[in-house]
Amino acid sequence: RWRVSRGCLARATLEREAPAAVAALVQLATHARPWARLAAATLAAEEPALRGVARLELLADDPDVLVRATARAALAPERNR
């Protein structure tokens, strides 16, 4: 996690070195329970390299208000660039 947050590990490298972690994050992002989708959105908000993996664009339109707000907050800096 430290390597990702400091920009030492790109998303492509993350997917190559940690495919199980990427797969788990995708499962969380598409899970039926809102708490699982919220966990994916929170992780992606903390780690920019995970934003595409967690599918924040889809989570920004989630039916659950907390999931939606977390995903939109994570995307806000990108949308303002």
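For the single chain, residues carry numbers from 1 onward in sequence order. Not measured: the values here are computed from a predicted model. These numbers come from the heavy atoms of this one structure, side chains and all, not from hydrogens, waters or symmetry mates.
- At a threshold of 4.5 Å between side-chain heavy atoms, the hydrophobic network of Ile, Leu, Val, Met, Phe, Trp and Tyr places V26 and L43 in one connected group.
- Atom-to-atom distance recorded for L75:CG and L56:CG is 5.0 Å, nearest 0.5 angstrom.
- Within the structure, the ring pair (Phe, Tyr, Trp, His ring centres under 6.0 Å) test picks out the following pairs touching residues 33-72 (sequence neighbours left out): H31-W35.
- The two residues L38 and L66 make their nearest non-hydrogen contact at CD1-O, 3.7 Å.
- For the salt bridge (Lys or Arg N to Asp or Glu O under 4.0 Å) condition, no pair includes a residue of residues 21-35, sequence neighbours left out.
- You'll find the side chain of R72 stays beyond 4.5 Å of the side chain of L59, heavy atoms only.
- Residues A60 and A71 share a closest heavy-atom pair of N-CB, 3.5 Å.
- For residues 58-69, every residue pair satisfying the side chain to side chain donor-acceptor pair (under 3.5 Å) rule, not counting sequence neighbours, is listed here: R37-D62.
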